[in-house]
2 protein chains.
Amino acid sequence: MKELLRTKGFKTTPQRELIFDCFFSLGKHVTVDELYQKVRELDPSVGHSTVWRNLKLICQLGLAEEVNIGDGITRYDRTTPKPHGHFFCRSCKKLLEFDVGSVMGALVEAAHEVKFEPDGYKIEIQGYCSDCRQASRPNDAATGSANDERKA
Amino acid sequence: MKELLRTKGFKTTPQRELIFDCFFSLGKHVTVDELYQKVRELDPSVGHSTVWRNLKLICQLGLAEEVNIGDGITRYDRTTPKPHGHFFCRSCKKLLEFDVGSVMGALVEAAHEVKFEPDGYKIEIQGYCSDCRQASRPNDAATGSANDERKA
DNA sequence: ATTGAAAATGAAAGTCGTTTTCAATTGGCG
DNA sequence: CGCCAATTGAAAACGACTTTCATTTTCAAT
Ligand SMILES: [Mn+2]
Ligand SMILES: [Mn+2]
Ligand SMILES: [Zn+2]
Ligand SMILES: [Zn+2]
């Protein structure tokens, strides 16, 4: 890790090491604030912007990539050898991963047809996970309109 | 159109009619500001928030849905009978649509396997469209890192 | 036509995650 | 060591989205 940083011309600092460690110890799909909280448990002096900057750096190094599910909060997902898709539960906001190997062929071909050169894939299925469906059985119609109540 | 509004309990106003008309006359994937500009060509007195609110209303009526590609700008896409995917060009920021019929089966099955109940699909392929690739042939390496220049 | 309650409007302000600024500190090579 | 560029942290800036509120308008019921 230090090696990778050095060879790319970045310095190793205590904050950076801590942030990197925390990031990789936390699960996938971490938000800046989640990581910030985790880091501050171990060193409350670390600043928010430092966490943010190092998260960006982690992405720059190719160790993670941003995931944007449309709720305005960027999540950082450890890079996986092959692209994967996400099930996003509208209720608990959790992301489940699934293999997209079976659909990549068709997508690449569709791109080819219109001479589009793909370099990134975002396959996200929204809905409700089994946990949440069980929990809210009686009124899953209500939970279904998560953010549609304007003038209720 | 007026009928639909009335039956749902919404009022018809000159601004609303203008905004609806402009929205449907513009192409797909419209941003609030794009629609705002278009509307103001015809009536400069219409406010930004009115455009925004009516765009939300159009979604509420099921005539459009929000598309969030991760650049922080919400686009509004006219509802299509069946879900479609998007090619998003990192260079010109345009969205090309493509049919996802051939991959829906696999996705639905993948969801089934983990007891996830899907109700929304977002299939977005990022990359470079044929126009942009031709235009920037000599230095497509540079354009390739659209937003990766932090300390260039 | 008149009227009044509810909805809609527009300007301005508020929200909130992201990003930048800047002075002070620090890492690491020579 | 000693220097210089990289890094840090606090605070401010940014920007799209959303809400607030006083005023205006719609429209159903007189
Ligand atoms: Mn993931
Ligand atoms: Mn579309
Ligand atoms: Zn859930
Ligand atoms: Zn393009």
Side-chain angles (χ1 to χ4, degrees), chain A residues 1-20 29-37 39-40 43-61 66-76 93 146-152, chain B residues 1-20 22 29-37 39-40 42-61 66-76 93 146-152:
Chain A
M1 179 51 51
K2 286 191 181 183
E3 283 62 19
L4 177 59
L5 284 170
R6 189 158 326 158
T7 62
K8 299 260 183 174
F10 299 104
K11 292 181 176 175
T12 303
T13 68
Q15 295 96 328
R16 178 161 289 167
E17 286 188 284
L18 178 58
I19 291 168
F20 274 53
H29 316 126
V30 181
T31 67
V32 177
D33 279 328
E34 284 168 359
L35 182 54
Y36 176 60
Q37 296 307 327
V39 166
R40 287 185 69 99
D43 180 352
S45 73
V46 177
H48 178 92
S49 43
T50 300
V51 173
W52 178 82
R53 277 186 290 234
N54 276 287
L55 228 19
K56 287 287 188 183
L57 177 59
I58 288 170
C59 291
Q60 239 184 103
L61 295 173
E66 302 192 345
V67 176
N68 207 294
I69 54 179
D71 67 350
I73 300 176
T74 303
R75 287 145 196 277
Y76 294 83
K93 315 292 186 195
N147 56 356
D148 291 357
E149 61 284 275
R150 183 168 337 293
K151 56 192 61 178
Chain B
M1 177 53 51
K2 286 191 180 183
E3 283 62 18
L4 177 59
L5 284 170
R6 187 155 330 157
T7 62
K8 299 260 184 175
F10 297 105
K11 292 179 177 177
T12 302
T13 68
Q15 295 95 330
R16 177 160 290 167
E17 286 188 284
L18 177 59
I19 291 169
F20 274 53
C22 287
H29 317 127
V30 181
T31 67
V32 177
D33 279 327
E34 284 168 357
L35 181 55
Y36 178 59
Q37 296 308 329
V39 165
R40 287 184 70 100
L42 300 171
D43 180 352
S45 72
V46 176
H48 178 94
S49 43
T50 299
V51 172
W52 177 81
R53 276 186 291 235
N54 276 287
L55 229 18
K56 287 288 189 182
L57 177 58
I58 287 171
C59 291
Q60 236 186 103
L61 295 172
E66 302 191 347
V67 175
N68 207 294
I69 54 179
D71 66 352
I73 299 175
T74 303
R75 287 147 196 276
Y76 294 83
K93 315 292 186 195
N147 56 356
D148 292 355
E149 61 285 275
R150 183 169 332 296
K151 56 192 62 175

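Numbers restart at 1 for each chain; the letters A, B, ... are given by sequence-line order, proteins then strands.
Between the side chain of A:R75 and the base of C:dT18 there is no donor-acceptor pair of N/O atoms closer than 3.5 Å. Counting atom types as modelled, A:R6 pairs no side-chain N or O with a base atom of C:dG27 as donor and acceptor under 3.5 Å.
Contact check for B:Y76 versus B:V67: no side-chain heavy atoms found under the 4.5 Å cut-off. The side-chain heavy atoms of B:I69 and B:R75, taken from C-beta on, include a pair separated by under 4.5 Å. Under the 4.5 Å side-chain criterion, counting only non-hydrogen atoms from C-beta, B:I19 is not in contact with B:W52. Side-chain contact between B:K11 and B:R6: absent, with no pair of heavy atoms (C-beta onward) separated by less than 4.5 Å.
Within the nucleic acid shown, B:P44 has no heavy atom closer than 4.0 Å to any nucleic acid atom. Here B:T12 lies in heavy-atom contact (under 4.0 Å) with sugar-phosphate atoms only. When heavy atoms are screened at a 4.0 angstrom cut-off, A:N54 is found touching the sugar-phosphate backbone but no base atom. Using a 4.0 Å heavy-atom cutoff across all strands shown, A:S49 reaches at least one base atom of the nucleic acid.
Atom CG of residue A:D43 and atom CD of residue A:E17 lie 12.0 Å apart, to the nearest 0.5 angstrom.
Using modelled atom types and a 3.5 Å distance limit, the side chains of A:D33 and A:T31 yield no donor-acceptor pair.
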Dot-bracket encoding per residue of DNA chain D, Watson-Crick/G-U cut-off under 3.5 Å, | denoting interstrand
||||||||||||||||||||||||||||||

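Per the geometry, CG belonging to A:D71 stands 12 Å off C1' belonging to C:dC16, to the nearest Å. Taking atom CZ of residue A:R53 and atom P of nucleotide C:dC22, one finds them 14 Å apart after rounding to whole Å. C:dT26 atom P lies 15 Å from atom CD of A:E17, rounded to whole Å. In this structure, CD1 of A:I73 is placed 19 Å from P of D:dA16, rounded to the nearest angstrom. Between the P atom of C:dT9 and the NE2 atom of B:H48 lies a distance of 14 Å, rounded to the nearest Å. A straight line from CG of A:L18 to P of D:dT8 spans 11 Å, rounded to a whole angstrom. When the C1' atom of C:dC29 is taken as reference, atom CZ of A:F10 falls 18 Å away, rounded to whole Å. Here the P atom of nucleotide D:dC27 and the CZ atom of B:R16 are 10 Å apart, to the nearest Å.
A close approach under 4.0 Å does occur between a side-chain nitrogen or oxygen of A:K56 and OP1 or OP2 of C:dT19. The side chain of B:Q15 places an N or O atom within less than 4.0 Å of a non-bridging phosphate oxygen (OP1 or OP2) of C:dG10. The phosphate of D:dC17 has OP1 or OP2 within less than 4.0 Å of a side-chain N or O from B:T74.
The nucleotide whose nearest atom lies closest to any side-chain atom of A:K11 is, among D:dT18, C:dG27, C:dG10, C:dG27. The side chain of B:T50 sits closest to C:dT9 out of C:dT9, C:dT18, C:dA7.
Of all heavy-atom pairs spanning A:L4 and A:T7, the tightest one is O-OG1, 2.9 Å. In this structure, B:C22 and B:L35 approach most closely via the heavy-atom pair CB-CD1, 3.6 Å.
Heavy-atom distances to DNA chain D give each of B:Y76 and A:P14 a nearest nucleotide, and the one nearer the 5′ end belongs to A:P14. Comparing B:Y36 and A:D33 by the nucleotide of DNA chain C that holds the closest heavy atom to each, the one mapping nearer the 5' end is B:Y36.
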